[in-house]
Amino acid sequence: MKILLSICSLALLVIMASAYPNGAPTVACGDMVPLHGVGPQSSPSPYSITYSVEDKVYKVVVKASSGDSFKGFFLQARTPGTSNIIGAFTFSGSDVKYVDCSGGTNNAVTHTSNSEKTTVEVNWEPSTGFTGDVVFTLSTVRSKDVFWVRKESNTFTI
């Protein structure tokens with residue numbers, strides 16, 4: 001029995017240690033923390049979030065600093081200072097997929113593989129009838145043990 005328990009425990013640790021190479025799971029929607037078994041970096045994130053708007057559609061760009069890259073990301077739009085996720089994303093390409101958080105649809109996006117990335121571009125639209133302040137909130141993963149959690153863009157008003 002002890003051997004079986006040890007084998008099961010080891011298998012669980014291996015599964016947990018493998019992280020999520022195919023994107024963030026819905027369990028990460030609230031705190032946006034990767035389940036990698038270590039804590040996030042406390043240094044400033046080397047990844048930027050920029051956006052531009054045209055006809056109420058925001059083009060959001062996540063970009064690594066020069067010479068850097070990232071393997072994973074998780075992006076949401078939130079009401080500042082809350083975990084209230086708003087709006088919906090769209091994208092083209094195969095390196096991004098949707099995550100449906102908190103009963104929403106397409107209200108978060110994540111990576112589809114752990115390949116090296118320097119830039120990711122997506123589009124975002126606010127929820128119908130929404131007015132107020134918004135921030136794009138980003139978690140990025142450089143490696144299993146090196147990641148940053150909940151970097152926020154500048155606040156903007158809709």
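Numbering of residues begins at 1 and proceeds along the displayed sequence.
- Side-chain atoms of Asn107 do not come within 3.5 Å of backbone N or O of Gly87 as any donor-acceptor pair.
- Between the side chain of His111 and the main chain of Phe73, a donor-acceptor pair closer than 3.5 Å is present.
- Between the side chain of Lys117 and the main chain of Ser69, no donor-acceptor pair closer than 3.5 Å is present.
- Using a 4.5 Å heavy-atom threshold, the side chains of Thr137 and Arg150 count as touching.
- Checked against a 6.0 Å centroid threshold, the rings of Phe156 and Tyr51 count as neighbours.
- Residues Trp148 and Pro40 have side chains not in contact (no heavy-atom distance under 4.5 Å, counting atoms from C-beta outward).
- Interatomic distance, Lys71 NZ to Ser143 OG, rounded to the nearest 0.5 Å: 7.0 Å.
- Residues Leu75 and Thr110 have side chains not in contact (no heavy-atom distance under 4.5 Å, counting atoms from C-beta outward).
- Nearest heavy-atom pair across Thr112 and Ser94 is OG1-O, 2.7 Å.
- For the atom pair Ile86 CD1 and Ser102 OG, the distance stands at 12.5 Å (nearest 0.5 Å).
- Separation of atoms CG (Asp133) and OG1 (Thr157) is listed at 4.0 Å; rounding is to 0.5 Å.
- Within the 4.5 Å cutoff, side-chain heavy atoms of Phe70 are placed close to those of Val120.
- Within a 6.0 Å radius of NZ in Lys63, other residues, nucleotides and ligands contribute 12 heavy atoms or fewer.
- Between Lys59 and Glu121 a salt bridge is recorded (basic side-chain N to carboxylate O distance below 4.0 Å).
- Salt bridge present: Asp68 and Arg142 bring a charged side-chain N and a carboxylate O closer than 4.0 Å.
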Please step through side-chain contact (heavy atoms from CB on, under 4.5 Å) for the pair Lys151 and Met32, ending with a clear verdict.
CA-CA 10 Å; Lys151 175 186 173 87; Met32 298 183 73; over 6 Å; no
The test is side-chain contact (heavy atoms from CB on, under 4.5 Å); show your working for Asn106 and Thr90 and say whether it passes.
CA-CA 8 Å; Asn106 302 342; Thr90 58; over 6 Å; no
Test Thr26 against Val99 for side-chain contact (heavy atoms from CB on, under 4.5 Å), laying out the working first.
CA-CA 6 Å; Thr26 57; Val99 180; 3.8 Å; yes
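- Side-chain contact between Cys29 and Gln76 is present, with at least one heavy-atom pair separated by less than 4.5 Å.
- Hydrophobic clustering (ILVMFWY, side-chain heavy atoms < 4.5 Å, transitive): Leu138 and Val33 are in distinct clusters.
- When the options Phe91, Phe74, Phe89 are evaluated for a ring-ring contact (aromatic ring centres under 6.0 Å, His included) with Tyr98, the one that passes is Phe91.
- Rounding to the nearest 0.5 Å gives a distance of 10.0 Å between CG of Asp55 and CD of Glu125.
- Note on Val134 and Ile49: same hydrophobic cluster, where clusters join Ile, Leu, Val, Met, Phe, Trp and Tyr whose side-chain heavy atoms are under 4.5 Å apart, directly or indirectly.
- Note on ring orientation: taking the six-membered ring where Trp is involved, the planes of Trp124 and Phe136 are perpendicular (angle over 60°, cut-offs 30° and 60°).
- Among all heavy-atom pairs drawn from Val122 and Val109, the shortest one is CG1-CG2, 4.3 Å.
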Could you go step by step and tell me if Thr50 and Ser48 meet the side chain to side chain donor-acceptor pair (under 3.5 Å) rule?
CA-CA 6 Å; Thr50 58; Ser48 65; 5.4 Å; no
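- Residues Val61 and Ser52 fail the side-chain proximity criterion, which asks for heavy atoms closer than 4.5 Å.
- Hydrophobic clustering, with ILVMFWY side chains joined whenever heavy atoms are under 4.5 angstrom apart, keeps Tyr58 apart from Val135.
- Judged by distance alone, the side chain of His36 and the main-chain N or O of Asp145 form no donor-acceptor pair under 3.5 Å.
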Trace of the side-chain contact (heavy atoms from CB on, under 4.5 Å) decision for Asn123 with Val60:
CA-CA 6 Å; Asn123 293 322; Val60 184; over 6 Å; no
